[in-house]
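Each chain gets a letter, A, B and so on, in the order its sequence line appears, and its residues count up from 1.
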Amino acid sequence: MRDFEYLAPRSIGEAVALLQQHGAKARCLAGGTDLVLMMTDKIATPAYVIDIKHIPELNVFEWDPTGGLTIGAAVPFRILERSDVVQRHYPGMAESAGEVGSWQIRNLATPGGNLCTASPSAEIAPILWALDAQVTIAGPNGSRRIPVQQFVTGVRRTALEPEELLVDIRVPPPGERAGSHYIKLKERQKMDIAFVGVAAAVELEPGDGVIREAKIALGAVAPTPIRVPKAEATLRGQRLTDERLEEAGREAADAAKPITDVRASAEYRKEMVHVLTKRAIRQAVAIATQH
Amino acid sequence: MTATETKTTTTNGRTDGANGVHQIGRSVPRIDALDKVTGRAQYTADLHLPGTCYGAFLRSPHAHARVVSIDTSEAERMPGVVAVISAASIARDLAIVVEEEMHAARRVLSLFPNVGGKVTYHGQKIAAVAAATKELAEEACERIKVEYEVLPPVIDVREAVKEGAPLVHDETKPVDGLDHGPFAAPTLFNIAGQNHRNEGDVDAGFREADRIFEDTYVIPRAHQTYIEPQSTVADVARDGSVTVWTSTQGHFAVRSNLANSLRIPLSKINVIGMTIGGGFGAKFGGIVDTYCVLLAQKARRPVKIIYTREEEFLDAKPAPGAVITVKTGVKEDGTITARQAWALWDTGVGSGGCYATNRVKGVYKIEHFKVDAYDVHTNKPAPGAYRAPGAPQATFAGETQLNRICAAMGWDPVEFRLKNMREGDQIAFKETLQAVADRAGWAKRQSKTGPNEGWGVAVGEWTNGAGPASAVVSVHEDGKVHVFYGLMDLTGTDTAMAQIAAEVLGVRYEDVTVSRGDTNSAPFGTASGGSVVTFSFGNAVKRAAEDAKKRLLELAADHLEVAVEDLELANGRVSVKGNDESLVTVAQLGQMALRSKGGPIVGHGSFASEPSATTTAAQIVKVSFDPDTGQVRLRKLYGSLDVGKALNPMACEGQMEGGLVQGFAWGLMEQMRYAEDGRNWNPGLLDYRVPTTLDFPDIESVMVEMPTKNGPFGVKGIGEPPIAPGVACLVSAVADATGVWINEVPLTPERVLHAIKANGKK
Ligand SMILES: Cc1cc2nc3c(=O)[nH]c(=O)nc-3n(C[C@H](O)[C@H](O)[C@H](O)COP(=O)(O)OP(=O)(O)OC[C@H]3O[C@@H](n4cnc5c(N)ncnc54)[C@H](O)[C@@H]3O)c2cc1C
């Protein structure tokens with residue numbers, strides 16, 4: 001690892017000023033579980049490492065029934081995974097957070113860092129896509145908020161400008177009868193990378209089994225996480241039947257554009273999208289039905 | 001989780017005097033446990049000598065290429081770089097130093113490829129640099145300019161033996177091939193070694209058979225994935241004498257390797273074996289130590305090299321892969337009439353593997369048996385040992401096929417084995433299999449099997465080796481005992497040795513300390529591999545303790561004025577038989593000895609080599625699989641092992657579980673992969689998957705004790721055998737669950753799903 005200077009700003013303003021001052025020579029540090037490895041492998045060689053964990057706004061973890069959930073960019077996965085609020089209102093997010101690495105990793109690693117690394121297999125991405133989350137970004141001209149789907153622009157590319165930082169992730173409140181679920185396909189029980197990730201979030205009409213809204217997102221099968229509008233349309237306004245499920249699964253598989261690599265073939269990944277999309281929807285609906 | 005099932009009551013070689021309180025057979029905690037859990041244990045990486053510089057390697061990015069040029073000049077000029085070595089620099093240095101010793105010199109020269117020569121695997125060392133920091137050394141490596149002429153690689157053994165395949169080593173001569181079997185051809189290429197064995201007459205045996213089965217099994221290379229990577233620190237004194245601190249299974253082996261490969265007199269090398277963080281057969285030296293010494297010679301400063309995990313995968317000594325075809329003839333009554341095997345072992349640029357094909361025979365009565373096996377060169381690093389070298393691969397083929405035969409002929413796999421197993425003196429094949437079957441409730445397994453679940457059983461065999469070992473046991477003035485020797489403790493063997501000394505000398509295990517000497521101070525000891533340690537060093541320590549005991553008794557006889565025969569040694573004291581009043585403590589004797597004619601109490605024990613008896617590891621697994629994704633999960637695991645005598649049952653259990661996990665992991669997920677261009681495709685722990693604890697259920701271990709005559713207290717070497725049956729056991733259980741025999745491992749979800757579909761099972 002190359003030598004670097006460690007900086008620990010106490011406010012967003014200070015952090016932005018440092019980013020402006022050092023430009024491309026600086027990198028933000030959250031949990032460091034990606035950045036430190038990149039530095040060890042010399043994929044990243046920042047001269048300045050800006051630790052964002054001491055900025056109050058980035059440590060916010062707040063739930064409000066009308067505003068939804070705010071997850072500061074420095075909040076680690078383990079908080080999400082164990083939060084009653086997340087388990088109750090966003091079960092798919094609790095699943096997804098609990099799938100990252102190991103306890104030790106999850107005590108450090110953040111959803112914010114996960115999004116900023118923008119790996120195609122990023123664990124938290126599919127569920128945030130399915131929940132229509134937004135992100136807050138701060139820069140020299142103040143802050144802006146964009147849908148998470150616009151945040152990741154390609155493999156390891158984000159909408160962040162060099163002098164900007166991610167402040168938080170905002171997840172809208174779920175509807176009355178909502179349920180969500182996330183499934184990670186992997187070879188090992190834990191400490192593995194997603195071969196395929198599937199998230200489903202549904203909302204049922206009050207009092208019956210008709211699906212009011214369905215959102216399906218896939219990870220690790222395209223350069224960025226993707227939503228599957230076609231499958232969502234197939235389910236919207238319908239009751240869940242085996243035929244509908246099958247159709248939605250097939251549509252998700254069609255939308256997936258996976259590659260063949262050392263982990264799995266493209267064909268296998270596509271097929272697993274089909275299988276797991278069905279499972280995720282079924283589970284999300286089952287959870288919603290309990291409300 | 002363990003119960004010791006003592007099948008035999010004779011405790012061979014049991015010493016008297018322990019008076020009921022045995023120090024062997026006790027599950028005492030490891031003697032080094034506290035040091036390890038508190039981080040006090042000193043590994044090679046913990047060593048910081050003043051003035052140390054750090055070594056790094058430049059490696060070939062190609063699997064097969066001719067080296068057109070190497071230019072190290074820029075790296076050499078970098079400030080902070082203290083030594084750069086390559087084939088050219090070594091040749092220059094050698095020309096100055098020696099002209100006479102050309103034979104030895106050639107070995108040094110072969111450490112790096114020459115200009116005009118070839119690189120033969122991805123990751124092969126081209127040059128090495130020592131610099132003030134590791135980063136600087138790595139940067140200097142990047143500044144070395146190498147031009148290559150890339151050649152087509154050969155990565156599959158089945159291709160490599162064919163005419164027209166690229167030759168890995170240009171000088172390898174074609175050999176006569178076979179006129180039978182799966183790779184029949186007049187000539188075979190890239191052959192690195194051969195093993196032909198012929199017992200009886202297989203053709204006659206197959207004629208006697210009612211059914212004949214033939215299957216081909218494919219198993220990839222596996223890395224031992226010890227936690228601590230290869231690491232060495234070397235320092236060279238003004239007079240040229242060399243000190244090496246290293247992570248090794250055998251510091252004497254490292255010493256002789258260095259002496260041979262670098263033509264340094266043995267007496268000028270001192271090797272200090274540091275605490276070792278796992279080896280499993282890959283730490284006998286040669287991977288980094290040789291280069292570290294060469295750099296230190298040139299740098300005139302201590303040099304430290306710690307491999308990265310990536311380097312481990314690119315350029316260490318993994319277990320060879322193999323393609324093994326097995327043909328077996330069986331009579332309707334379940335008698336095996338003949339067995340024949342053909343094998344190609346993927347030994348990369350080296351050799352060593354094909355002899356293990358003989359293990360396809362297993363522990364069964366088979367009159368007619370034939371093997372034709374080859375080590376085959378491919379563009380991959382040379383292989384090394386992994387726990388029980390070659391046994392998991394050969395057992396995968398032999399035992400999986402036995403299970404397929406049972407499924408096809410309607411035999412119960414346990415009954416079929418019991419029917420065919422060999423019997424004999426000091427062996428307990430049947431008892432061991434029966435013990436695990438009983439523990440698992442094998443006979444009633446159908447009632448415990450849900451949909452998409454299945455059971456498998458397999459048996460591995462192994463006979464421990466033996467080697468020269470020696471030890472010194474001293475009794476001190478406080479009555480405490482000290483064991484000193486040159487043993488590298490990989491698995492808790494220091495603990496077992498302390499127990500042996502305590503047992504013989506009638507003191508508590510807690511009153512024994514153990515220390516390991518470097519190669520200058522310790523008497524010679526064979527390396528820790530081949531399950532030799534407890535068998536060989538155990539004998540040496542036992543003899544040394546008996547020698548010390550003799551002195552103790554003589555001193556006591558003198559003091560108590562009785563004959564030696566009338567004395568007994570137990571609980572830290574010597575007393576007159578039948579007279580509890582008349583006694584002297586071991587501590588008092590230790591003090592008296594200092595003033596005695598014979599001086600301090602020091603016992604010596606040496607051991608050369610004696611044969612042991614074969615042991616078996618039997619394992620049973622219950623698996624489940626997901627028919628939509630192909631994912632396989634282990635649900636229940638049972639292992640049994642004939643340990644001869646469990647000196648420390650907890651340590652035995654550790655060996656049983658560790659080996660079992662490694663075997664199953666190879667079947668389930670571990671594989672070194674090479675891309676089309678011959679490059680290593682998964683050089684890291686992200687994509688070379690080793691299981692975590694969550695991938696395994698609890699393991700129930702059952703020990704069987706059938707003593708062997710030559711082992712101390714009846715001990716058999718047990719480190720290796722538990723890795724042998726796992727792959728076969730798993731594959732058979734998955735076949736039981738899915739109805740499909742998948743003859744290639746690991747059983748990745750994709751492979752399993754594909755196989756089920758291809759067989760129309762879904
Ligand atoms: C052993 C291990 C297991 C892992 N398992 C998984 C897994 O199962 N699933 C998975 O998806 N990932 C996994 N990862 C990857 C990693 O843990 C995750 O991507 C994690 O979410 C990264 O978060 P972090 O807080 O550690 O980010 P960091 O490493 O601190 O930062 C990551 C990147 O984001 C940038 N960054 C961080 N915060 C900000 C900010 N506020 N504003 C702007 N830029 C920022 C950094 O500069 C850096 O480029 C694993 C990693 C390890 C080492």
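- Using a 4.5 Å cut-off between heavy atoms, Ser265(A) touches chain B through backbone and side chain atoms alike.
- There is no contact between Val632(B) and chain A, counting heavy-atom distances below 4.5 Å.
- Leu185(A) contributes atom CG, which lies 6.5 Å from atom OG1 of Thr629(B) (distance to the nearest 0.5 angstrom).
- Looking at Arg673(B), only its side chain comes within 4.5 Å of chain A, counting heavy atoms on both sides.
- Side chain of Tyr268(A) to main chain of Leu753(B): no donor-acceptor pair is present (N/O by atom type, distance under 3.5 Å, no hydrogens or angles).
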Exercise for review: Check the pair Glu135(B), Arg2(A) against side chain to side chain contact (heavy atoms under 4.5 Å, CB included), reporting the backbone distance first and the verdict last.
Suggested key: CA-CA 7 Å; Glu135(B) 287 69 26; Arg2(A) 302 264 163 82; 5.8 Å; no
**Study point:** Evaluation steps, side chain to side chain contact (heavy atoms under 4.5 Å, CB included), between Asp192(A) and Thr692(B)
**Key:** CA-CA 10 Å; Asp192(A) 212 341; Thr692(B) 77; over 6 Å; no
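- For Pro691(B), the part sitting under 4.5 Å from any heavy atom of chain A is the backbone (N, CA, C, O) and nothing else.
- Only the side chain of Glu139(B) comes within contact range of chain A, with at least one heavy atom under 4.5 Å from a heavy atom of that chain.
- Heavy atoms closer than 4.5 Å to chain A are found in the side chain of Asp687(B), but not in its backbone.
- Remark: Lys636(B) NZ is loosely packed, at most 12 non-hydrogen atoms of other residues, nucleotides or ligands lying under 6.0 Å away.
- Remark: Glu750(B) does not engage Arg263(A) in a salt bridge, criterion side-chain N to carboxylate O under 4.0 Å.
- A salt bridge links Asp628(B) with Arg279(A); the closest basic N to acidic carboxylate O contact falls under 4.0 Å.
- Side-chain atoms of Asp695(B) and Glu187(A), non-hydrogen and from C-beta on, never get closer than 4.5 Å to each other.
- Interface summary for chain A: among Thr133(B), Asn682(B), Asp626(B), the most heavy-atom pairs under 4.5 angstrom belong to Asp626(B).
- Checked by atom type and distance alone, the side chain of Arg188(A) pairs as donor or acceptor with a backbone atom of Val690(B) at under 3.5 Å.
- For chain A, the option among Arg633(B), Met669(B), Glu138(B) with the highest count of heavy-atom pairs below 4.5 Å is Arg633(B).
- Around the NE2 atom of His22(A), the shell of radius 6.0 Å holds more than 12 heavy atoms that belong to other residues, nucleotides or ligands.
- For NZ of Lys25(A), the number of neighbouring non-hydrogen atoms (other residues, nucleotides, ligands) closer than 6.0 Å is 12 at most.
- Residue Lys230(A) qualifies as open at atom NZ: its count of foreign heavy atoms under 6.0 Å is 12 or below.
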**Study point:** Chi angles and distances behind the side chain to side chain contact (heavy atoms under 4.5 Å, CB included) call for Gln189(A), Gln631(B)
**Key:** CA-CA 10 Å; Gln189(A) 294 308 306; Gln631(B) 287 163 307; over 6 Å; no
